[in-house]
Enquirer: 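One structure coming up, written as structure tokens, with questions to follow.
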Amino acid sequence: MSDQYDAQQIEAKWQGRWAELNVDAASDDPADTRQRYYCLVMFPYPSGNLHMGHVRNYCLGDAVARYKRMQGYNVLHPIGWDAFGLPAENAAIKHGRPPAEWTYANIEQMRAQLKRLGLSYDWSREIATCHPDYYRWEQWLFTRLMEKGLAYQADAEVNWCEPCHTVLANEQVVDGQCWRCDTPVIRKNLKQWFIRITAYAEELLSDLDQLDGWPEKVVGMQRNWIGKSTGAEVSFALDGSDEALEIFTTRPDTLMGVTYLAVAAGHPLAVQAAANNAELAAFLDECSTVSTREADIETMEKKGMPLGVDAIHPVTGERIPVWVANFVLMGYGTGAVMSVPAHDERDFAFARKYGLPVKQVVRPQQGAWDIDQAAFTDPGVLVDSGMFDGLSSQEGGEAITAWLSEHGRGKARVQYRLRDWLVSRQRYWGAPIPVIHCPDCGAVPVPEEQLPVVLPTDLRPTGGASPLNDCDAFRHTSCPRCGGDAERELDTFDTFMESSWYMDRYTSPRDATAMVDAEAMARWVPVDQYIGGVEHAVLHLLYARFYHKLMRDVGLFTREQGGDEPFRNLLTQGMVLKDGAKMSKSKGNTVDPNAIIRRHGADTARLFTLFAAPPEKDLEWNDAGVEGAHRFLKRVWRLYDKLEAQHEGAADAATVRALRFAIHATIQKVTHAFEHGFAFNVAIASLMELSNALQDFTPAGAQARAAYREGLEALVTMLAPFVPHFACEMGELLGFESMAVLRAWPEVDEQALVQDEITLVVQVQGKKRGEISVPKDVSEEQALAAARANAGIAKWLEGMQIVKVILVPGRLLNLVVRPA
RNA sequence: GCCGGGAUGGUGGAAUUGGUAGACACACGGGACUUAAAAUCCCGAGGAUGGAAACGUCCGUGCGGGUUCGACUCCCGCUCCCGGUACCA
């Protein structure tokens, strides 16, 4: 008899054994002919405590990695630490410990927690991004980018978060608020470092098409974020001035219908006009304070004022008034638009409000349109447009753009919403930006031989400006170019710089000669399966795609070696909820993974998180459900006892056949779940069914005994990716020649799935009226005869004439009848 | 507003993509074992309705239509919920 299932003891035993035998390491041996598989989970910020979101993420990844190993793949499954960032500084301020000390202590603690979960990471590849051996390479890349003109310093209006005391990238502003602390951001003009992601806008957009292993939702979000629009730039001369006003429009076909122009409040023309107009100046002030929140913008009243300036229509030479309007954004396009009230709803509403003329220049292909009622925004046929009359919107737009181009008053233009990535942060705990400011030479990249620029780790942040400002040893240096006195750049990198390339670094984590090793990249990248939270849909996943292309283009690897995209397949997992809400300390609804592990063991925690919901949906935490998962393991544990016990008599052949059918149908289902969509909740449910079938089966007689053993062995083997310790221990009881986690994945015995007799559902008029047991290859006549012979079915056929018989082989028989 | 996803028992969720709706689990109820409890095992269960029972009938996958022998699944029109977001000219 087996002892009682003792998770704590079993889990310690197997974790020790796996570590000792180093079973989770990926092989870089060129002689290793196994197919390779790269399974990656989003690495954690080392906050010090694992939360349920991590647990879910890593259990999903571990199940995939373990399954692939059992399928015979050479699997790379690494882990590391996204170790720079604000929480370390905040903790440092609070506890008076240097961020480095706090961070490394947390890593120790979290590493122990991950190991306690029995996750099959290749720990020899562990990286921490706050280590100079790691961040030196992004410093190196940055200096290359400076040389290529892809990294630059510029004055710009940027998002500033006061509590965080730093600027933020566009992507980090959510509803006008800081993504970290939810404080409204302030617009400030500052000199900052940028990386020219806009130079890659087109490639980032078009390569989305190859990401067919990504959720459409994420692809769509990125597409929107990049925000490509095609149209034309038009130059309107200003009356009584040499200057011209540039506008961007996606509807050049409506140019002849322009009745006014509108500029943003921040536009130089508006500012200039306000200089001697107090009323206008007050209006501009009002515009600068409007919220950037989506909901507010939606309901915001459209307002404007005339600037008292006229522009000249580029084709007709007509005078057109220029207005300032609160809905025109300085940061997009040229900060000025042409307004065509007849063909744009917003312009229509604005024109109505201020009594501006509406001039229709496009009519529908068919039918009429009452332009006094509403704007006509669809494409159509050009009218009242002089030489362009009669053209379609498409042709007209092209013709007008061509005309403008010929006359030097405009040209075709593609506009993106995406803006350059602001990467400098006024914070201490980050990778130093490798730049030296020289009074004579300007901003000079730190030469390769002087890298890394090591961040001093003994400073204590106080909450205000970065302590680097007061660290003379760091600050004062000499210019690499002229040798004169110079100062180091004191800003550090956005932490998304580190997380943008860690997946590539895992392939050669200790390479001291290069950022990545091209051979290793060729071996592993792109990542076959990436798993993480959907909150990174735009931020991290966009930056990582961009970085991958940058690294390719500075020659770190070729397209053939590393591909154009870093992640082939992406799984975005749902959140873990408690009482319908996201777990958070402030809500007090957190569940501590360690407590679950102490109570029931890691395997129970793993099993429940995978069973409770499909991976991409939110998971509602349920303590009773955890108990249920634990009970299931105990039930499987006891199945072994029946193998040892003596049983009277012998099970009949049909019963044995039915069990073998169940076993192999289960193998088929579970394998399918791993190969299509990772529906582990369903996979585990079918393993439970198999367990129930074994429980109901008495292994009496040699045949039955063999079938029972076959079933139990298959069950234990298929449980290995989910509950590896449990599976290993049971495998040992069963006498497996190798550890359960190292076994080959079971194969379906097609013979076992062949059934001589099948159950056919019989419908009359599409309604189920009974079941019949018939031979597998039953003919329509035979099936019909069997159906008639069944009293429960026959009564529905009384007085009826069968007009149609539908036989779905192996499934059902449907009889269409009508009164005889 | 626009884009995406969704709505199935008391609950989480299944349904080989047009073929037995509710697998599996949780919660619940009843029973067995026990001095008792825990643990474990067995049985029940979508709703309504008929029957003493065996068993039967009708309704049922957000709402309304449609296609089909047959619809949770496909089509058209709605309602509500959840994510994302750009007044983007």
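Owing to the predicted nature of the structure, the values given are computational and were not obtained by experimental measurement. Numbers restart at 1 for each chain; the letters A, B, ... are given by sequence-line order, proteins then strands.
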Enquirer: Base, sugar-phosphate, or nothing for A:D618, non-hydrogen atoms under 4.0 angstrom?
Expert: sugar-phosphate
Enquirer: Does the side chain of A:R417 get closer than 4.0 angstrom to OP1 or OP2 of B:A86 through an N or O atom?
Expert: yes
Enquirer: Choosing from B:A25, B:C87, B:A23, which nucleotide comes nearest the side chain of A:N692?
Expert: B:A25
Enquirer: When the P atoms of B:A14 and B:G29 are considered, how many whole Å apart are they?
Expert: 27 Å
Enquirer: Using the C1' atom as the reference point in each nucleotide, state the distance between B:G19 and B:A71 in Å, no decimals.
Expert: 10 Å
Enquirer: Could you tell me whether A:R635 contacts a base, only the sugar-phosphate backbone, or nothing, with contacts defined as non-hydrogen atoms closer than 4.0 Å?
Expert: sugar-phosphate
Enquirer: Hey, what's the ring geometry for A:W421 with A:Y543, parallel, tilted or perpendicular (30° and 60° as the breaks)?
Expert: parallel
Enquirer: Report yes if at least one side-chain N or O of A:R769 is closer than 4.0 Å to OP1 or OP2 of B:C58; otherwise report no.
Expert: yes
Enquirer: Check every atom of B:C69, B:A89, B:G12 against the side chain of A:Y332 and return the nucleotide holding the closest atom.
Expert: B:A89
Enquirer: Does a donor on one side chain sit under 3.5 Å from an acceptor on the other, for A:S773 and A:E757?
Expert: yes
Enquirer: By the rule that syn is within 90° of 0, classify the base conformation of B:G31 as syn or anti.
Expert: anti
Enquirer: Send over the distance from A:H672 NE2 to B:U17 P, rounded to a whole Å.
Expert: 7 Å
Enquirer: Measuring from the side chain of A:R346 (C-beta onward, heavy atoms only), which nucleotide among B:A25, B:A14, B:C88 has the closest atom?
Expert: B:C88
Enquirer: How close or far is atom P of B:G18 from atom CG of A:L807, stated in whole angstroms?
Expert: 19 Å
Enquirer: Is A:Q222 close enough to B:G84 that one of its side-chain N or O atoms is under 4.0 Å from OP1 or OP2 there?
Expert: no
Enquirer: Calculate the interatomic distance between A:L329 atom CG and B:U85 atom P; express it in whole Å.
Expert: 16 Å
Enquirer: Give a yes/no on whether any side-chain N or O of A:K795 is located under 4.0 angstrom from OP1 or OP2 of B:U57.
Expert: yes
Enquirer: What integer distance in Å separates A:W621:CH2 from B:C26:P?
Expert: 15 Å
Enquirer: Of the nucleotides B:C69, B:C87, B:G19, which has the atom closest to the A:K804 side chain?
Expert: B:C69
Enquirer: Given the side-chain rings of A:F726 and A:Y5, with only the six-membered ring counted for Trp, is the space between their centroids under 6.0 Å?
Expert: yes
Enquirer: Respond yes when some side-chain nitrogen or oxygen of A:R631 is under 4.0 Å from OP1 or OP2 of B:A27, and no when none is.
Expert: yes
Enquirer: Using a cut-off of strictly less than 4.0 Å, decide whether A:S686 has a side-chain nitrogen or oxygen near OP1 or OP2 of B:A23.
Expert: no
Enquirer: Can you tell me, in whole Å, how much space there is between the P of B:A27 and that of B:A15?
Expert: 23 Å
Enquirer: Assert yes or no for the condition that the ring centre distance of A:F348 to A:H343 is strictly below 6.0 Å.
Expert: no
Enquirer: One thing to verify: whether A:E620 and A:K578 come together as a salt bridge, which I'm taking to mean a side-chain N less than 4.0 angstrom from a carboxylate O.
Expert: no
Enquirer: State plainly whether the residues A:D347 and A:R251 are in salt-bridge range, i.e. N to O under 4.0 Å.
Expert: no
Enquirer: If you assign A:I684 and A:N814 each to the RNA chain B nucleotide with the nearest heavy atom, which residue ends up on the more 5' nucleotide?
Expert: A:I684
Enquirer: For A:H343 and B:A89, give me the distance from atom NE2 to atom P, rounded to whole Å.
Expert: 17 Å
Enquirer: What contact category does A:V328 fall into here, base, sugar-phosphate, or nothing, at under 4.0 angstrom with non-hydrogen atoms?
Expert: base
Enquirer: Look at all strands and tell whether A:Q695 reaches a base, only sugar-phosphate, or nothing, counting heavy atoms closer than 4.0 Å.
Expert: sugar-phosphate
Enquirer: Given B:C59, is OP1 or OP2 found less than 4.0 Å from the side-chain N or O atoms of A:K767?
Expert: yes
Enquirer: Less than 3.5 Å apart, any donor N or O on the side chain of A:W621 or A:D623 sitting next to an acceptor on the other?
Expert: yes
Enquirer: Taking atom P in both B:C41 and B:C26, compute the distance separating them and give it to the nearest angstrom.
Expert: 10 Å
Enquirer: Between B:G65 and B:G83, how far is it from one P atom to the other, in whole Å?
Expert: 32 Å
Enquirer: Just to confirm, is there a sub-4.0 Å distance from OP1 or OP2 of B:A14 to any side-chain nitrogen or oxygen of A:N681?
Expert: yes
Enquirer: Does the separation of the ring centres of A:F611 and A:F680 fall below 6.0 angstrom?
Expert: no
Enquirer: Give the nucleotide from the list B:A27, B:C42, B:U20 with an atom nearest to the side chain of A:E771.
Expert: B:U20
Enquirer: Which whole-number value in Å describes the distance from A:R638 CZ to B:A39 C1'?
Expert: 9 Å
Enquirer: OP1 or OP2 of B:G56 versus the side-chain N and O atoms of A:W796: is any pair under 4.0 Å?
Expert: no
Enquirer: With nearest nucleotides of RNA chain B determined for A:K217 and A:I806 from heavy-atom distances, which residue corresponds to the more 5′ nucleotide?
Expert: A:I806
Enquirer: In whole angstroms, how far is the C1' atom of B:C2 from the CG atom of A:N224?
Expert: 9 Å
Enquirer: Could you check whether A:R545 and A:Q222, counting side-chain N and O atoms only, form a donor-acceptor pair closer than 3.5 Å?
Expert: yes
Enquirer: Is A:E627 paired with A:R599 through a side-chain N to carboxylate O contact shorter than 4.0 Å?
Expert: yes
Enquirer: Run the ring-centre check on A:F722 versus A:F678 and record whether the distance is less than 6.0 Å.
Expert: no
Enquirer: A:G628 near the nucleic acid: base, sugar-phosphate alone, or nothing, with a heavy-atom cut-off under 4.0 Å?
Expert: sugar-phosphate
Enquirer: What integer number of Å spans the C1' atoms of B:G50 and B:C43?
Expert: 24 Å
Enquirer: With a non-hydrogen cut-off below 4.0 angstrom, is A:V337 in contact with a base, only sugar-phosphate, or nothing?
Expert: base
Enquirer: Please determine, for the side chain of A:S229, which listed nucleotide (B:C41, B:A89, B:C26) has the closest atom?
Expert: B:A89
Enquirer: Which of these nucleotides, B:G13, B:C41, B:C69, is closest to any side-chain atom of A:P614?
Expert: B:G13
Enquirer: With pairs taken as Watson-Crick or G-U wobble and both distances under 3.5 angstrom, which stems of at least three consecutive pairs involve RNA chain B?
Expert: B:1-7 with B:79-85, B:10-12 with B:24-26, B:28-32 with B:40-44, B:46-50 with B:55-59, B:62-66 with B:74-78
Enquirer: Take atom CZ of A:F248 and atom P of B:C88, then tell me their distance rounded to the nearest Å.
Expert: 12 Å
Enquirer: Please measure how far the P atom in B:G64 lies from the corresponding atom in B:U73, and state the result in whole Å.
Expert: 13 Å
Enquirer: Using the C1' atom in both, what is the distance from B:G10 to B:C3, to the nearest Å?
Expert: 35 Å
Enquirer: Have a look at A:E620 and say if it touches a base, only the backbone sugar-phosphate, or nothing, with a 4.0 Å heavy-atom cut-off.
Expert: nothing
Enquirer: Could you check if the base of B:U40 is syn or anti? Syn means the glycosidic torsion is within 90 degrees of 0.
Expert: anti
